[in-house]
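Single-structure report; data block below.
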2 protein chains.
Amino acid sequence: MTNSSAARSPRTDAVRNRQLLLSAAAEAFAEHGTEVSIAEIAQRAGIGKGTVFRHFATKEDLIAAIMGEMIDSLITTGMGLWDAADPAAALLEFMTTGIELLARDRAFCEVVGRPSLQHPAVRAGIDRLCEVVEILTNRARRQGVIRQDITGQDIVLLLGGVRHTAAPLADTQPQLWRRYLGLIFDGIRAQAAQPLPHPPPRRLEFTGPYCESSH
Amino acid sequence: MTNSSAARSPRTDAVRNRQLLLSAAAEAFAEHGTEVSIAEIAQRAGIGKGTVFRHFATKEDLIAAIMGEMIDSLITTGMGLWDAADPAAALLEFMTTGIELLARDRAFCEVVGRPSLQHPAVRAGIDRLCEVVEILTNRARRQGVIRQDITGQDIVLLLGGVRHTAAPLADTQPQLWRRYLGLIFDGIRAQAAQPLPHPPPRRLEFTGPYCESSH
DNA sequence: GGTTAACCTGACCAGTCGGTCCGTTTGGCG
DNA sequence: CGCCAAACGGACCGACTGGTCAGGTTAACC
């Protein structure tokens, strides 16, 4: 419906600035997490602070736009692996790609790990990601190459988990997460040595207004 | 050396207030993480903001005092399991206790997972914890009940990792971490199905002044 | 009970943040 | 070229933070 009747293509400087803003923000968020100030992002982009809010009404919207792109790229990766020859290897490759993304981007880590802060759009993206991974997981499970009680949602949650395991030493050993991915994937392959002590996770639930309400 | 020559026992209201402060702060940090304001902590304790800074020069010092206590309690748990009959079960019990603690306390999660923000005292506590867990792990490894390439440092890192894996759903499924602890412990038991793709972590290294220097 | 130093308090300070607003600039179109 | 809406920029606002300090209070010792 947008741009339907009184459509007018945006000015060239506006699209240029939007692009500058998006890349500067992506870079800043990756380095420092979502806590970087809008002022710093604007400075990096070489534009005024007001211009930032012209393109994105709130900081949350800006974050959501960038995180949405990252989630989409991960979804694409997942879909590209649907018809891989070895479904276990495909699953491992997907997880590797995902954690590489997380390891490179602090903001992505934060947003993915904290449902109470999530923008509705991000939430929707993660839902789609879960569905994609579910398909990847189902194939592997049906072929019996991973234990039967693992779901796609498990896999998605484990991405953040693996990354966080290695996070405290990430400055000095940036590849350490590969160790824990290996360890956990051994657990995923293991044919249910022990039944898991808790049922699989339910879908992420909507927890009301997406901003931390607390106290 | 402190309190040696001109010692004078602190006033009774001072020790009472210190106690009130410590419990209020512990509660607030557990609920909301290290970001709760000093003002709120003071209000909870029923004391003035100035009194907080009389007992602890900076907010970091207050955090360190409380986190130090938690680490010490975990160290005690670990030492109590040194002579358990089944070393694998002992290790699992230790991890269960540790993650329970993490799951109940947001600030503990934050502090343990972020070396660059750590107070020197906290850092030292974690070092001691690692040594204790190393002993626990060595026993299990020597008896062959866990894979040979796992170290105590791995175990400590995995505590935070497991907790973080389940964190996004912790509001609705507070016990979900037990699922991932089970999964990962299966990986720990597995007799090296695959050699791990990265060497074990080196000790946490001192990264300069404990406050994030960045940008 | 009187003296005093330890203690308590909340107004206050400087700095940060997200977000607003309006005077100014500029790109596109007739 | 000349017009004007769209876009820009940065001073500004209110809310909030960790931390300070002057002045009133009180516990402990003589």
Side-chain angles (χ1 to χ4, degrees), chain A residues 2-3 5-22 24-25 28-29 32-66 107 110 117 119 209-215, chain B residues 2-3 5-22 24-25 28-29 32-66 107 110 117 119 209-215:
Chain A
T2 319
N3 273 353
S5 52
R8 172 175 295 202
S9 65
R11 269 165 49 168
T12 59
D13 58 342
V15 308
R16 184 181 51 94
N17 281 340
R18 189 187 179 89
Q19 207 42 247
L20 287 174
L21 167 58
L22 281 173
F29 283 142
H32 306 298
T34 58
E35 282 164 16
V36 273
S37 67
I38 293 290
E40 179 170 335
I41 291 173
Q43 195 182 6
R44 282 200 195 207
I47 63 180
K49 218 173 73 165
T51 306
V52 175
F53 288 104
R54 161 166 291 272
H55 288 281
F56 298 93
T58 70
K59 189 184 182 183
E60 298 288 343
D61 288 339
L62 174 57
I63 294 173
I66 291 172
E110 292 173 21
L117 283 181
H119 195 281
Y210 70 90
C211 228
E212 204 127 303
S213 57
S214 60
H215 68 93
Chain B
T2 319
N3 273 352
S5 52
R8 174 174 295 203
S9 64
R11 271 166 48 169
T12 59
D13 58 342
V15 307
R16 184 182 52 94
N17 280 340
R18 190 187 178 89
Q19 207 41 249
L20 287 173
L21 166 59
L22 281 173
F29 283 142
H32 306 298
T34 59
E35 282 165 16
V36 273
S37 67
I38 293 289
E40 178 169 334
I41 292 172
Q43 194 182 4
R44 281 200 197 208
I47 63 180
K49 214 173 76 164
T51 307
V52 175
F53 288 102
R54 163 165 290 271
H55 289 282
F56 297 93
T58 71
K59 189 184 183 184
E60 298 286 346
D61 289 339
L62 174 58
I63 294 173
I66 290 172
E110 291 173 22
L117 283 181
H119 196 280
Y210 70 89
C211 230
E212 203 127 303
S213 59
S214 59
H215 69 94

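Here is the naming used below: chain letters follow the sequence lines, and residue numbers restart at 1 for every chain.
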Subject >> Contact summary for B/H119 and B/A64, nearest pair of heavy atoms >> reply: CG-CB, 3.4 Å
Under 3.5 Å, which protein N or O atoms sit close to an N or O of nucleotides 24-26 of chain C? Give each pair with its distance.
unit_1, atom_1, unit_2, atom_2, d
C/dT26, O2, A/R11, NH1, 3.0

Original post:
Just wondering, do B/F53 and B/D61 contact through their side chains at under 4.5 Å, heavy atoms?
Top reply: no
Subject >> Nearest-angstrom distance from the residue atom CZ of B/F56 to C1' of C/dC7 >> reply: 15 Å
Subject >> Side-chain N,O (A/N17) to OP1/OP2 (D/dC8) below 4.0 Å >> reply: yes
Original post:
Which pair of non-hydrogen atoms, one from A/G33 and one from A/E110, has the smallest distance, and what is that distance?
Top reply: CA-OE2, 3.3 Å
Subject >> Smallest separation among heavy atoms of B/K59 and B/V36, with atom names >> reply: NZ-O, 2.9 Å
Original post:
Whole Å only: how far is the CZ atom of B/R18 from the C1' atom of D/dA27?
Top reply: 18 Å
Look for any protein N or O under 3.5 Å of an N or O in nucleotides 12-19 of chain C and output each such pair with its distance, or none.
unit_1, atom_1, unit_2, atom_2, d
C/dG18, OP1, A/K59, NZ, 2.5
C/dG18, OP2, A/I38, N, 2.9
C/dG19, OP2, A/K59, N, 2.7
C/dG19, N7, A/K49, NZ, 3.4
C/dG19, O6, A/K49, NZ, 2.2

**OP:** Just compare C/dG27, D/dA7, C/dC7 and give me whichever is closest to any side-chain atom of A/T12.
**Re:** C/dG27
Subject >> D/dC8 OP1/OP2 closer than 4.0 Å to side-chain N/O of A/H55 >> reply: yes
Original post:
Where is the tightest heavy-atom contact between B/N17 and B/H55, given as atom of each residue plus distance?
Top reply: CB-NE2, 4.3 Å
Original post:
Just how far, in rounded Å, is C1' of D/dA7 from CD of A/Q19?
Top reply: 17 Å
Original post:
Given atom CD1 of B/I47 and atom C1' of D/dT26, what is their separation to the nearest angstrom?
Top reply: 16 Å
**OP:** Can you tell me the distance, in whole Å, between the CZ atom of B/R54 and the P atom of D/dA27?
**Re:** 15 Å
Original post:
Does the side chain of A/I41 come within less than 4.5 Å of A/F29's, by heavy atoms?
Top reply: yes
Original post:
If you look at every heavy atom in A/I66 and A/A25, which pair is closest and at what distance?
Top reply: CD1-CB, 3.3 Å
Original post:
So how far is it from A/L20 CG to A/I47 CD1, rounded to the nearest 0.5 Å?
Top reply: 7.0 Å
**OP:** Might you point out which heavy atoms bring A/A107 and A/T34 nearest each other, and give the distance in Å?
**Re:** CB-CG2, 3.8 Å
Subject >> Residue whose closest nucleotide on DNA chain D lies nearer the 5' end, A/P10 versus B/T51 >> reply: A/P10
